[in-house]
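Accompanying notes for the structure given below.
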Amino acid sequence: MASRVIWKGAISFGLVHVPVALYPASSEGGIDFDWLDKRTMDPVGYKRVNKRTGKEIDKAHIVKGVKQADGDYVILSDEEIKAAYPKTMQTIEIEAFVKAAEIPFLHLERPYYLEPVAKGEKVYALLREAMLAQGVIGIARVVMHTKEHLAALIPAGPALMLNTLRWAADIRDVSDLKLPAEGKSAAHLKDSELKMAAQLVKDMTDTWQAGQYEDHFTEAVHKLIEQRVHAGKTEKVTPLEDAGPAGTTNVVDLTALLKQSLGGRRPAANEPKAKAPPAGKAAAKKAPSARKHA
């Protein structure tokens with residue numbers, strides 16, 4: 001895959017861990033305009049500036065503060081933030097499985113691909129096929145870039161995808177908008193109008209094919225750029241550099257952990273409780289504990 005790994009860890013369901021690497025599944029295809037100083041053609045960047053003095057300050061002197069209602073700030077260090085929420089930042093922790101149709105489009109945020117690593121191909125395939133067989137997707141929590149996300153784990157062809165979701169608290173209430181009442185009578189729609197509108201919708205209904213839709217604005221700007229290049233109207237600008245992190249992880253025994261996960265699972269309401277084993281028989285061997293992953 002051409003894009004770089006942006007996160008490494010493991011999918012966790014029950015006591016099973018699936019080691020994975022996270023890749024962006026989308027890219028920004030529009031025009032990326034850089035800021036330049038028109039007098040010198042030097043790149044213009046963002047500086048850390050003291051808003052009172054206007055002077056640039058060193059990163060080491062910057063702390064994180066949360067403003068309170070009375071105008072005061074609570075200052076928190078990175079160590080204090082991590083201690084307040086000690087959950088691992090390297091686990092995609094599945095909390096439940098649901099039908100995909102139950103999640104409104106409004107909650108979908110950004111898609112990622114998950115690739116198995118550290119000999120985790122079999123466990124990866126097992127989770128993917130089990131989800132496909134049940135027709136469900138996983139709802140999980142994951143911490144990326146010092147921020148916790150709700151996410152949907154989705155089987156898509158040979159891949160498992162992670163699509164971050166917006167928290168319910170982040171969705172604005174539609175009741176704040178002035179919208180027409182639901183129902184044709186409440187909206188004062190005539191039958192003739194509704195019939196014509198329905199016919200138009202039917203005539204325009206087609207099968208979804210993503211490749212049919214292109215970014216015409218970006219295409220037009222690219223043509224304009226090509227014209228300037230051919231005309232020799234370009235400027236020399238010193239580029240800026242960028243870099244990114246990486247990590248490692250491990251895999252655990254699969255069959256034993258699946259058995260132990262099922263053994264500790266609470267039975268469903270309509271599921272008969274398991275009978276106690278006959279007296280005198282040896283207890284089943286416990287599954288080996290999962291090894292820690294990076």
Side-chain angles (χ1 to χ4, degrees), residues 1-14 16-30 32 82 85 87-171 208-211 213-215 218 242-252 290 292-294:
M1 185 172 290
S3 56
R4 63 182 178 88
V5 177
I6 62 173
W7 183 93
K8 275 194 175 183
I11 302 168
S12 170
F13 69 111
V16 179
H17 281 63
V18 186
V20 291
L22 189 77
Y23 293 86
S26 61
S27 61
E28 299 297 333
D32 186 13
K82 290 178 181 178
Y85 191 75
K87 288 179 70 68
T88 176
M89 296 176 65
Q90 300 303 124
T91 303
I92 299 169
E93 185 177 351
I94 298 177
E95 297 193 350
F97 292 98
V98 303
K99 298 294 184 180
E102 296 178 13
I103 302 178
F105 285 139
L106 181 62
H107 285 264
L108 298 178
E109 195 171 38
R110 183 178 293 272
Y112 298 89
Y113 286 123
L114 291 167
E115 177 187 59
V117 296
K119 300 180 179 179
E121 289 83 0
K122 182 179 179 180
V123 202
Y124 182 99
L126 175 69
L127 176 59
R128 181 193 65 205
E129 297 304 318
M131 291 170 66
L132 285 170
Q134 295 298 316
V136 296
I137 63 176
I139 301 300
R141 292 174 185 266
V142 59
V143 178
M144 294 188 296
H145 309 303
T146 67
K147 182 179 180 182
E148 185 180 49
H149 298 267
L150 189 64
L153 187 68
I154 306 168
L160 283 174
M161 297 192 66
L162 187 80
N163 200 310
T164 54
L165 302 173
R166 296 181 178 90
W167 299 100
D170 294 336
I171 304 297
W208 166 251
Q209 296 183 38
Y213 305 94
E214 298 178 353
D215 184 350
T218 298
D242 190 14
T248 57
T249 186
N250 294 318
V251 68
V252 296
K292 292 182 178 179
H293 57 269

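Values reported hereafter were calculated over all heavy atoms of this structure, with side chains retained and with hydrogens, waters and symmetry mates removed.
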For this session: Check step by step if side chain to side chain contact (heavy atoms under 4.5 Å, CB included) holds for I103 and I139.
Result: CA-CA 10 Å; I103 302 178; I139 301 300; 3.6 Å; yes
Check your understanding: Does a side-chain heavy-atom distance below 4.5 Å link K122 with P116?
Key -> no
Distance col, row M144:CE vs I92:CD1, nearest 0.5 angstrom, shows 8.0 Å
Distance col, row L153:CG vs I137:CD1, nearest 0.5 angstrom, shows 8.5 Å
Tightest non-hydrogen contact, residues K147 and H149, listed as O-CD2, 3.2 Å
CZ (F97) and CE (M131) are apart, to the nearest 0.5 Å, by 5.5 Å
The single option from V16, V142, V123, L114 that satisfies side-chain contact (heavy atoms from CB on, under 4.5 Å) with I11 is L114
Here the pair of heavy atoms bringing V18 nearest to F13 is CG2-CE2, 4.0 Å
Q) Would you call Y112 and I6 a side-chain contact if the rule is heavy atoms closer than 4.5 Å? A) yes
Quiz: residues 159-171 side-chain donor-acceptor pairs under 3.5 angstrom, not counting sequence neighbours:
residue : atom : partner : partner atom : Å
N163    : OD1  : E109    : N            : 3.4
N163    : OD1  : R110    : N            : 3.4
T164    : OG1  : E109    : OE1          : 3.3
T164    : OG1  : R110    : N            : 3.1
T164    : OG1  : R110    : O            : 3.3
R166    : NH1  : L106    : O            : 3.0
R166    : NH1  : L108    : O            : 2.6

All heavy atoms of P19 vs all of G120, minimum pair found to be CG-CA, 3.9 Å
Hey, mind stepping through L150 and H107 against side chain to side chain contact (heavy atoms under 4.5 Å, CB included) and telling me if it holds?
CA-CA 10 Å; L150 189 64; H107 285 264; over 6 Å; no
Contacts of Q134 meeting side chain to side chain contact (heavy atoms under 4.5 Å, CB included) (sequence neighbours excluded), chain-then-number -> V136
In terms of heavy-atom contacts, S12 and T91 come closest through CB-CG2, 3.4 Å
